[in-house]
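Before any comments, here is the structure.
Heavy atoms only: backbone and side chains are in, while hydrogens, waters and symmetry mates are out. Residue numbers start from 1 in every chain, and the chains themselves are labelled A, B, ... in the order their sequence lines are given, proteins ahead of strands.
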2 protein chains.
Amino acid sequence: MNFKESHTLILNNVARFIDLTELEKRKFISLLAEIKVKKKAYLMQAGEIAQYEYFIAKGCLKVYTLDKDGATHISMFAIEDYWTGDMASFMTKEPTRYFIKATENSELLGVSRANYDLLFQEIPKFERFYRILYQRSLISYIRRSNHGISLDAVERYIAFKKKYPKIVNRITQKDLAGYIGITPEFMSKIISKVNRM
Amino acid sequence: MNFKESHTLILNNVARFIDLTELEKRKFISLLAEIKVKKKAYLMQAGEIAQYEYFIAKGCLKVYTLDKDGATHISMFAIEDYWTGDMASFMTKEPTRYFIKATENSELLGVSRANYDLLFQEIPKFERFYRILYQRSLISYIRRSNHGISLDAVERYIAFKKKYPKIVNRITQKDLAGYIGITPEFMSKIISKVNRM
DNA sequence: TAAAAGTCTTAAACTAGTTCATTTTTTTTC
DNA sequence: GAAAAAAAATGAACTAGTTTAAGACTTTTA
């Protein structure tokens with residue numbers, strides 16, 4: 001029996017770190033919620049408690065906070081084969097400060113808090129999967145905040161294009177500015193400058 | 001039988017998350033290396049592979065990287081009762097990009113890579129201890145990089161004084177500038193401005 | 001397919017923070 | 001406790017990025 005496309009994707013993602021039997025695969029799939037969000041809809045809003053950890057099967061979303069002046073700071077863009085959510089809120093059940101908004105119609109697979117605990121009981125291998133996933137997140141998080149340091153906005157823009165070529169063409173210049181940490185006006189100047197080079 | 005001061009300190013630190021029997025305490029202590037560093041000496045330098053995770057029993061150290069222009073970016077100050085090191089290098093055995101330098105004569109307890117693995121074998125409770133320690137590190141790390149956003153240098157300085165009153169008086173203005181992310185000259189201006197307020 | 005809403009561009013005036021250079025003060029070292 | 005080294009203060013000239021404002025272009029919606 002075959003799996004539907006989104007399930008094949010998530011199984012391949014998991015297979016990077018652990019091997020599952022056919023039975024375990026079925027069990028895992030049975031614990032996932034299928035979630036669709038239309039472009040411009042929110043998956044999460046500040047003040048809520050994160051109910052799911054999300055795997056993106058299709059689409060694109062932006063994860064961001066609003067600062068005290070109401071400016072948008074984008075912390076990640078999530079596309080196919082990425083995991084997203086707010087782990088801190090998901091674990092501690094404190095309200096999140098994040099917004100997650102779809103920038104395209106998107107299809108996600110969600111692991112609820114209850115099923116997350118159940119998953120470890122039923123298939124202990126997943127302890128390993130999430131340990132590796134989180135450890136890698138931590139390392140890349142530290143690396144990123146260390147790397148961006150001392151680069152000016154042009155260098156950060158060029159580095160982003162190089163590191164995420166698949167994402168650049170799917171997001172607006174304004175959102176890219178929100179990720180890079182500059183105003184949309186300055187982003188516009190940078191782009192016309194870089195293209196002239 | 002009593003423990004020496006540094007051992008009492010680390011046992012109390014561990015007791016925040018797990019309970020150990022007398023026997024387990026002895027075993028744990030036996031796996032720790034005692035390390036002393038003089039003021040201005042390095043505990044770690046970029047290019048090396050991190051050999052230990054460190055618990056600070058006494059003293060003060062700064063953890064920093066040098067950027068491409070040779071400027072110092074301090075990522076943390078570690079004082080008594082803190083853990084420090086470079087977890088990424090310690091785990092992956094890749095060379096670190098960090099320097100750790102004592103700003104006072106310091107006494108540390110170190111868990112070596114070999115003893116770290118042994119610790120989990122001998123006292124599985126420590127899986128839980130480190131899971132919680134790392135999870136908290138990740139959450140506070142994300143929170144910190146999110147919080148600093150949109151604050152100007154004066155606000156970041158005031159926030160630092162409020163959050164780490166014990167540390168402010170033990171470090172130089174120059175090092176504080178390296179943590180806050182500004183030049184020592186501008187730090188000097190900020191301080192005279194804030195004191196005049 | 002017209003109107004509305006959002007995005008992008010351009011430009012001038014501005015500001016937070018840097019750079020460089022010099023002097024004073026504090027700390028370290030022998 | 002004198003000499004050397006490092007840290008702190010101050011000021012003037014500079015720069016990367018912001019702000020504000022207005023018009024052109026694109027996308028969404030009804």
Side-chain angles (χ1 to χ4, degrees), chain A residues 37-42 59-60 62 64 66-74 77 99 101-106 148-161 168-197, chain B residues 37-41 59-60 62 64 67-74 77 101-106 148-161 167-197:
Chain A
V37 259
K38 286 253 163 90
K39 182 168 180 171
K40 291 191 183 175
Y42 290 94
C60 184
K62 58 183 174 186
Y64 65 94
L66 296 180
D67 69 25
K68 60 177 170 48
D69 307 318
T72 298
H73 297 268
I74 296 180
F77 298 104
F99 296 83
K101 192 174 184 178
T103 63
E104 299 174 3
N105 293 334
S106 303
I149 236 159
S150 91
L151 298 184
D152 68 18
V154 172
E155 292 168 318
R156 266 152 32 227
Y157 167 63
I158 291 169
F160 183 90
K161 280 215 298 189
V168 184
N169 316 303
R170 290 171 74 170
I171 59 176
T172 62
Q173 243 170 258
K174 193 186 173 194
D175 280 344
L176 183 48
Y179 180 90
I180 296 274
I182 56 174
T183 57
E185 291 87 347
F186 194 54
M187 184 86 250
S188 173
K189 271 180 210 165
I190 280 175
I191 287 178
S192 73
K193 186 182 164 188
V194 170
N195 289 343
R196 262 185 281 113
M197 293 197 315
Chain B
V37 259
K38 286 254 164 90
K39 183 168 178 168
K40 290 191 183 175
C60 184
K62 58 183 173 187
Y64 64 94
D67 70 24
K68 60 179 170 45
D69 308 318
T72 296
H73 296 267
I74 296 181
F77 298 104
K101 191 174 184 178
T103 64
E104 299 174 3
N105 293 334
S106 303
I149 237 160
S150 90
L151 298 182
D152 67 19
V154 172
E155 293 169 317
R156 266 153 30 228
Y157 167 63
I158 291 169
F160 184 89
K161 280 215 298 189
I167 296 181
V168 183
N169 316 302
R170 291 171 75 170
I171 59 176
T172 61
Q173 241 170 259
K174 195 185 171 196
D175 280 344
L176 183 48
Y179 180 89
I180 298 275
I182 56 175
T183 58
E185 291 89 342
F186 194 55
M187 183 87 250
S188 171
K189 275 173 207 169
I190 280 176
I191 287 177
S192 73
K193 186 182 164 188
V194 170
N195 288 343
R196 264 184 280 113
M197 294 199 312

If you find the nucleotide of DNA chain C closest to R156(B) and the one closest to P184(A), which residue's nucleotide is nearer the 5' end?
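Result: P184(A).
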Write down the distance between [atom1] ([X]) and [atom2] ([N]), rounded to a whole number of angstrom.
X	N	atom1	atom2	value
I190(B)	dG17(C)	CD1	P	7 Å
D152(A)	dT19(C)	CG	P	12 Å
L176(A)	dT9(C)	CG	P	12 Å
E155(B)	dA16(C)	CD	P	11 Å
H73(A)	dT18(D)	NE2	C1'	13 Å
Y157(B)	dA16(C)	OH	C1'	18 Å
I180(B)	dA16(C)	CD1	P	17 Å
D69(A)	dT19(D)	CG	C1'	13 Å

Counting only side-chain nitrogens and oxygens, does T183(A) get under 4.0 Å of the OP1 or OP2 atom of dT18(D)?
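Looking at the OP1 and OP2 atoms of dT18(D), one of them is under 4.0 Å from a side-chain N or O of T183(A).
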Is the shortest side-chain N/O distance from S188(B) to OP1 or OP2 of dA8(D) below 4.0 Å?
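So the side-chain polar atoms of S188(B) never come under 4.0 Å of the phosphate oxygens OP1 or OP2 of dA8(D).
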Of the options [options], whose atoms approach the side-chain atoms of [X] most closely?
X	options	result
K189(A)	dA12(D), dA9(D), dA11(C)	dA11(C)
S192(A)	dG17(D), dT10(D), dT10(C)	dT10(C)
Q173(A)	dT9(C), dG17(D), dT10(D)	dT9(C)
K174(B)	dA8(D), dT19(D), dT7(C)	dA8(D)
I182(B)	dT18(C), dT10(C), dT7(C)	dT18(C)
F186(A)	dC8(C), dG17(D), dA7(D)	dG17(D)

Check S106(B) against C60(B) and note the closest heavy-atom contact, atom names and distance.
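Closest heavy-atom pair between S106(B) and C60(B): OG-N, 3.2 Å.
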If every non-hydrogen atom of K161(A) is compared with every non-hydrogen atom of V168(A), which pair is closest and at what distance?
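That closest heavy-atom pairing would be CA-CG2, 3.7 Å.
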Does atom NZ of K68(A) have more than 12 heavy-atom neighbours from other groups under 6.0 Å away?
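Counting neighbours around NZ of K68(A), more than 12 heavy atoms of other residues, nucleotides or ligands fall under 6.0 Å, so yes.
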Apply side chain to side chain contact (heavy atoms under 4.5 Å, CB included) to A159(B) and list each qualifying residue two or more places apart in sequence or on a separate chain.
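Checked A159(B) against side chain to side chain contact (heavy atoms under 4.5 Å, CB included); zero matches.
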With S188(A) via side chain to side chain contact (heavy atoms under 4.5 Å, CB included) - residues at least two apart
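S188(A) satisfies side chain to side chain contact (heavy atoms under 4.5 Å, CB included) with Q173(A) once adjacent residues are dropped.
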Please name the residue in the list K40(A), R170(A), K39(A), K62(A) that meets the salt bridge (charged side-chain N to carboxylate O under 4.0 Å, His left out) test with E104(A).
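Among K40(A), R170(A), K39(A), K62(A), the one meeting salt bridge (charged side-chain N to carboxylate O under 4.0 Å, His left out) with E104(A) is R170(A).
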Distances for protein N/O vs nucleotides 20-30 of chain C N/O pairs under 3.5 angstrom?
| from | atom 1 | to | atom 2 | distance (Å) |
| --- | --- | --- | --- | --- |
| dT28(C) | OP1 | K39(B) | NZ | 2.5 |

Give me the ring orientation class for F77(A) and F160(A): parallel if the planes are under 30° apart, tilted from 30 to 60°, perpendicular past 60°.
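Rings of F77(A) and F160(A): perpendicular, over 60°.
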